[in-house]
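Note sheet for the following structure.
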Amino acid sequence: MHGEYKVPGGKLVVVDVDVVDGVLRHARVAGDFFLEPDEALDAVNGALEGALADTDATGLAARIEAALPEGTVMYGLTAEGVGIAVRRALAHATDWTDYDWQLVHEGPQPPALHMALDEVLTHEVAAGRRPPTLRVWEWASPAVIIGSFQSLRNEVDAEGARRHGVEVVRRISGGGAMFVEPGNTITYSLSVPQALVQGLSFQDSYAYLDDWVLGALGDMGIRAWYQPLNDIATDQGKITGAAQKRIVGPDGAPGAVLHHVTMSYDIDADKMLEVLRIGKEKLSDKGTKSAKKRVDPLRRQTGLPREAVIERMIESFRTRYGLTQGKVTDEELARAQELARTKFTAPEWVARVP
């Protein structure tokens with residue numbers, strides 16, 4: 001069995017391993033990482049030998065760390081990364097380059113329709129009727145998007161939203177509220193087969209699906225890192241927040257994962273504070289007293305027009321994994337429009353957690 005895992009901010013780890021009578025045998029670890037001394041690699045392979053095949057990534061990492069020679073230096077590699085690569089091998093996980101990725105980047109659309117398109121397209125990927133898709137959003141109007149489990153009244157100042165003409169919608173994924181305005185936000189979705197994140201924990205899947213963005217930002221001169229559970233940050237502050245939803249496939253099929261990200265290109269912080277209720281508790285766990293300091297827009301960090309940032313991100317993805325131009329089909333759009341009307345603009349959904 002063969003598994004690969006790109007350590008977030010690090011290097012590729014490749015594992016080939018057999019399972020005999022419920023234990024790992026003949027493990028061979030490779031990759032473009034750096035490891036000193038040379039015999040440390042033999043220690044890593046030896047630590048995997050004989051481990052129970054159902055040992056999780058944390059347990060495998062503990063075996064590896066206990067076996068490493070004193071003074072071992074890992075660069076671009078972690079013991080947990082090796083454990084994850086093993087779990088992906090045993091789960092028969094796929095890799096980014098195993099797929100023909102499709103780009104959907106269309107004109108501005110209403111907030112509720114964006115919520116519906118996420119659901120429809122990810123269901124299509126789960127059913128095998130659509131290839132894995134990168135969809136870049138364009139906003140037709142300002143909005144607050146709250147997480148599936150958030151309280152509407154606790155997160156949104158209704159009077160502020162009305163005053164500024166901000167629509168409030170609820171997405172199908174968890175996570176926190178996001179304030180967006182046309183031209184000030186970069187939002188994208190990945191609708192991917194479950195097999196791509198097979199063998200990864202929920203937290204690890206966030207880092208794995210965000211790794212290409214770190215590369216794209218690095219190409220624009222921004223040193224960014226993944227900040228658990230679902231943020232990308234720089235030394236200037238948070239720039240993105242991500243959320244996920246797992247979609248079950250039809251008739252017991254493996255299903256798909258929706259992973260969407262909102263990036264602050266520019267932001268009207270004063271307006272945001274009039275629309276969102278950002279509590280002291282939320283600010284305290286981010287190490288800041290001011291909501292304005294929590295988010296640092298890409299416009300200031302890159303000096304590039306929004307359209308240029310998006311194009312560079314798309315090109316970075318295309319260079320890494322391949323990407324062909326696609327579109328939302330007429331049937332998908334019709335289903336999404338109906339879902340936007342019957343679900344995503346319905347008070348029963350928007351206020352399902354009052």
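One-based numbering along the sequence shown.
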Under the rule for salt bridge (Lys or Arg N to Asp or Glu O under 4.0 Å), what residues qualify as partners of E274, not counting sequence neighbours? R163
May I ask you to check whether Y321 and W212 place their ring centers less than 6.0 Å from one another? no
Under 3.5 Å donor-acceptor, D32 side chain and L12 backbone: yes
Counting only N and O atoms by type, is there a donor-acceptor contact under 3.5 Å from the side chain of D266 to the main-chain atoms of G183? no
As a test of understanding, state which of H259, R88, Q203 forms a side chain to side chain donor-acceptor pair (under 3.5 Å) with Y208. R88
Please confirm whether H114 and F344 have ring centers closer than 6.0 angstrom. no
Residues E138, R306: salt bridge by 4.0 Å N-O rule: yes
Is it the case that the ring center of W139 lies less than 6.0 angstrom away from the ring center of Y265? no
For E311, which residues count as a salt bridge (Lys or Arg N to Asp or Glu O under 4.0 Å) partner, sequence neighbours excluded? none
Apply salt bridge (Lys or Arg N to Asp or Glu O under 4.0 Å) to R246 and list each qualifying residue two or more places apart in sequence or on a separate chain. none
For the CZ atom on R129, are there more than 12 heavy atoms of other groups (residues, nucleotides or ligands in this structure) within a distance under 6.0 Å? yes
If you draw a 6.0 Å radius around NZ in K6, do more than 12 non-hydrogen atoms from other residues or ligands fall strictly inside? yes
For K271, run the side-chain contact (heavy atoms from CB on, under 4.5 Å) check against I267, D268, L273 and tell me which one passes. D268
Is there a donor in the side chain of S316 and an acceptor in the side chain of R320, or the other way round, less than 3.5 Å apart? yes
Pairing of R318 and E315 as salt bridge, 4.0 angstrom limit: yes
Side-chain heavy-atom pair S264, K238 within 4.5 angstrom cut-off: no
Would you say the side-chain atoms of D95 pair up with the backbone N or O of D98, donor to acceptor, closer than 3.5 Å? no
